[in-house]
Amino acid sequence: MVFTHDTDVTLMHAAALANTGPALGEEDREDLPDLPALLAWMDRWGWTGARPTSQAEVDAVRALRPRLREIWGRDEHGLVDAANTLLAECHALPRLVRHDAFGWHVHATSDDAPLAQRIAVEVGMALVDVIRAGETDRLQVCAGDDCEDLLIDLSKNRSRKFCDGTCGTRANVAAYRARKAATA
Ligand SMILES: [Zn+2]
Ligand SMILES: [Zn+2]
């Protein structure tokens, strides 16, 4: 654990959410096509609170993705601006809460606010933690060829280079082959 548990999860969620949509120059990737897909996504990530009921809410969540990609590439000052903007535009008001299996953590928007707004505020709060800890270099883009997936490096030695998808597997296989070739 690099940050608090809820910040770790928020950052993983933000990267995964961005990765459900196309990267710059990509066209046809869409893992959140409709409301059922978004509801399944909420369940997968343990989102509580109000559930979206319309395609407009799906579109609002999807609209966060290019924003997250853009934020991920910023330097520290840019990230400070991003955090402040996200929190200000959603009128964030942090409070400590405890529910379900989670320990004390922060909600900074009301539980019945639209999902896109709650995600934006969570990301803003997580960025506050990242910046205060001086850990902004943990926001990474996959080093795989032709892969622009976002990732959050939560490894102890900051060694993570590849996304969870095929790139990590491919890199492992390549390393394995290289080792075998070296011993052969
Ligand atoms: Zn919560
Ligand atoms: Zn990748």
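Nothing here was measured: the structure is a model prediction, and the numbers come from that model. In listed order, ligands and their atoms are each counted from 1. Just so it is clear, the values below take in all heavy atoms, side chains as well, and ignore hydrogens, waters and symmetry mates.
With the Zn ion (ligand 2) as the vertex, atom SG of Cys167 and atom SG of Cys142 span an angle of 100° (nearest 10 degrees).
Within 6.0 Å of CG on Asp43 lie more than 12 heavy atoms contributed by other residues, nucleotides or ligands.
The ring-ring contact (aromatic ring centres under 6.0 Å, His included) check on His99 picks up Phe102, His105, His107, with sequence neighbours excluded.
Shortest distance from the Zn ion (ligand 1) to His99 is reached at NE2 (N/O/S atoms only). Nearest N, O or S atom of His107 to the Zn ion (ligand 1): atom NE2.
Using modelled atom types, one finds a donor on one side chain and an acceptor on the other under 3.5 Å when comparing Thr10 with Glu122.
For Thr7 (side chain) and Phe3 (main-chain N/O), no donor-acceptor pair under 3.5 Å exists by modelled atom type.
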